[in-house]
Visitor: 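The structure's right below; bear with me while I get my questions together.
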Protein chains: 2
Amino acid sequence: MPSDHTRSAILAAAERLYADRGFGDVTLRDIVAEANVNLAAVNYHFGSKDELIAELFVTRSIATNRERLRELKAAEEQGGGRAPIEVILRALVGPTLRGCLGPENQRSSAARFMIRASIESVPPIRRIKNREIDHLRKFAGAMRRSLPDRSDVDIYWGLNFALAMAHHTIRESERLTKLSEGKCDLDDVEGVVARVVSVATMALTAGKTETKAPSRLAAR
Amino acid sequence: MPSDHTRSAILAAAERLYADRGFGDVTLRDIVAEANVNLAAVNYHFGSKDELIAELFVTRSIATNRERLRELKAAEEQGGGRAPIEVILRALVGPTLRGCLGPENQRSSAARFMIRASIESVPPIRRIKNREIDHLRKFAGAMRRSLPDRSDVDIYWGLNFALAMAHHTIRESERLTKLSEGKCDLDDVEGVVARVVSVATMALTAGKTETKAPSRLAAR
DNA sequence: GATAGTTTCATACAACTGTTTGAAATGCAA
DNA sequence: TTGCATTTCAAACAGTTGTATGAAACTATC
């Protein structure tokens, strides 16, 4: 069993630096200095800089995706294969928002790294994101089962808008805070989740007769 | 009057190349080759590479912002200082969506450039985007006048979500097309605008008694 | 048509990048 | 200890990048 000390030191240092300063101006030399290892160690352990970035991103990505599917599966099993749309949407956007938002000073470097990844979007990360379609398809399927009267087009648009609101809020959280002069409380993660879920639910259920009791739409 | 031939040739070539291949792998040498001008011409006419990118982006940006404000002003004047929220939202997201979406083969390189700018987000562009807050404040003001019963927080969240849906749809239009197997027609720009406006309107009006006749919420 | 100002050009510069190399160090099994 | 494989290290490599320079070409004014 190799100690892996060097390897994990590189990962930790890279994540921290990328989180703080972005991908644009962090070089391998910065990383190895922060990790106190030799420059060649990166290529020895990871093959290339891009593969290092990719490993950071996939590790964190599959954690989020696993959490999403866990929540989705639990909801569908409880409902006999059919979950309420709010719960599905919450499973979709909740893990991501919880992972990236919250009080700034207690955000893990992993969270800050993911925010960077969603803002800057470098090639190795883009490549990985493109493979996420299968994952989203599972949610589209669950949404279709939950809203059998809705057309596929409406489902996809609803999914698109739900992700839009979640990701944009993460990406532009600073700007929203500045624009609202601090009135929008982005530290209240569950409040944000509720807002996103509420609007996405409206987008998906408006204009058709509701099959269940009117769900609480207003957030907060 | 200097002919400006070189200057505009550089701008056109840069816009085309950035639109096609992204900021990441287009060098000044690529640009001057495409423009058939000398390498030093870029620094002579623009000062630096970043200033060239900035000029491309601001030119296009102020055009969009001007169009937005034109629509907003027209609507508010017609309504005596108070415009319907749908019209305000349409003025906010319409120009951007119209500028970036539509049949792929007839997208101008300016439009494709702006899509790139929203996906890749390089430093000079980020700097400019940060100055856009004043512009958004004008829309927040109009929205507040349109919905005086709404809290500021709700207004800002509605604004945030409207921009979220528009920008995300532009950024991820390819993925949405792939995910929906072409069922979501992104070439129908006005249809997309209607959807975004409709959902954003719901987000802003739900949960309170509506002051006017129930607006048509469902898109298409 | 000489002059002053602007624009173009070829070329060099300086710095930084990720990656490779081959030798030294280390860990571990026999 | 000996031998073998893994890991670390300093150093160099090869390529690319944006930028600067100074001379040449051009343009317009007098």
Visitor: Taking NZ, NE, NH1 and NH2 as the nitrogens, is one of them in B:Arg90 or B:Glu71 under 4.0 Å from a carboxylate oxygen of the other?
Guide: no

Visitor: How many angstroms lie between OG in B:Ser198 and CE in A:Met202, if you round to the nearest 0.5 Å?
Guide: 10.0 Å

Visitor: Start at the 5' end of DNA chain C and walk down; is the nucleotide closest to B:Ala40 or to A:Val42 reached first?
Guide: B:Ala40

Visitor: Can you tell me how far P of C:dT17 sits from CD1 of A:Ile53, to the nearest Å?
Guide: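 Going from A:Ile53 (CD1) to C:dT17 (P), I get 13 Å.
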
Visitor: Could you tell me the separation between the CG atom of B:Leu39 and the C1' atom of D:dG18, rounded to a whole number of Å?
Guide: 8 Å

Visitor: Calculate the interatomic distance between A:Asn36 atom CG and D:dT8 atom C1'; express it in whole Å.
Guide: 14 Å

Visitor: Taking atom P of D:dT27 as reference, at what distance in whole Å does atom CG of B:Asp4 sit?
Guide: 14 Å

Visitor: For B:Arg29 and B:Asn38, take the nucleotide of DNA chain C holding the closest heavy atom to each; which residue's nucleotide lies nearer the 5' end?
Guide: B:Asn38

Visitor: Starting at atom CZ of A:Arg7, determine the distance to atom P of D:dT7, rounded to an integer number of angstrom.
Guide: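 That distance rounds to 10 Å.
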
Visitor: Would you say A:Thr6 places a side-chain N or O within less than 4.0 Å of OP1 or OP2 belonging to D:dT8?
Guide: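 Answer is yes, contact under 4.0 Å.
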
Visitor: Picking from C:dT17, D:dT19, C:dT20, which would you name as closest to the side chain of B:Leu28?
Guide: D:dT19

Visitor: Please check if the distance between the ring centroids of A:Phe113 and A:Phe23 is under 6.0 Å.
Guide: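 Between A:Phe23 and A:Phe113, which both carry aromatic rings, the centre distance is below 6.0 Å.
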
Visitor: Within this structure, what is the CG-to-C1' distance between B:Asp50 and D:dG18, rounded to whole angstrom?
Guide: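 After rounding, the reported distance stands at 10 Å.
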
Visitor: In terms of side-chain heavy atoms of A:Tyr44, which of D:dG18, C:dT20, D:dT6 is nearest?
Guide: D:dT6

Visitor: How long is the span from the CG atom in A:Leu163 to the CE atom in B:Met165, to the nearest 0.5 Å?
Guide: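 Reported to 0.5 Å precision, the distance equals 13.0 Å.
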
Visitor: Would you mind reading off the distance between A:Ile10 atom CD1 and C:dG18 atom C1', rounded to a whole angstrom?
Guide: 14 Å

Visitor: May I have the distance from A:Lys49 (atom NZ) to C:dT19 (atom P), rounded to whole angstrom?
Guide: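 About 8 Å, once rounded to whole Å.
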
Visitor: Any side-chain N or O of B:His45 below 4.0 angstrom from OP1/OP2 of C:dT8?
Guide: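 For B:His45, the contact criterion (side-chain N or O under 4.0 Å from OP1 or OP2 of C:dT8) is met.
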
Visitor: Looking just at side-chain N and O atoms, do A:Ser48 and A:Asn43 make a donor-acceptor pair shorter than 3.5 Å?
Guide: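 No, A:Asn43 and A:Ser48 have no side-chain donor paired with an acceptor closer than 3.5 Å.
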
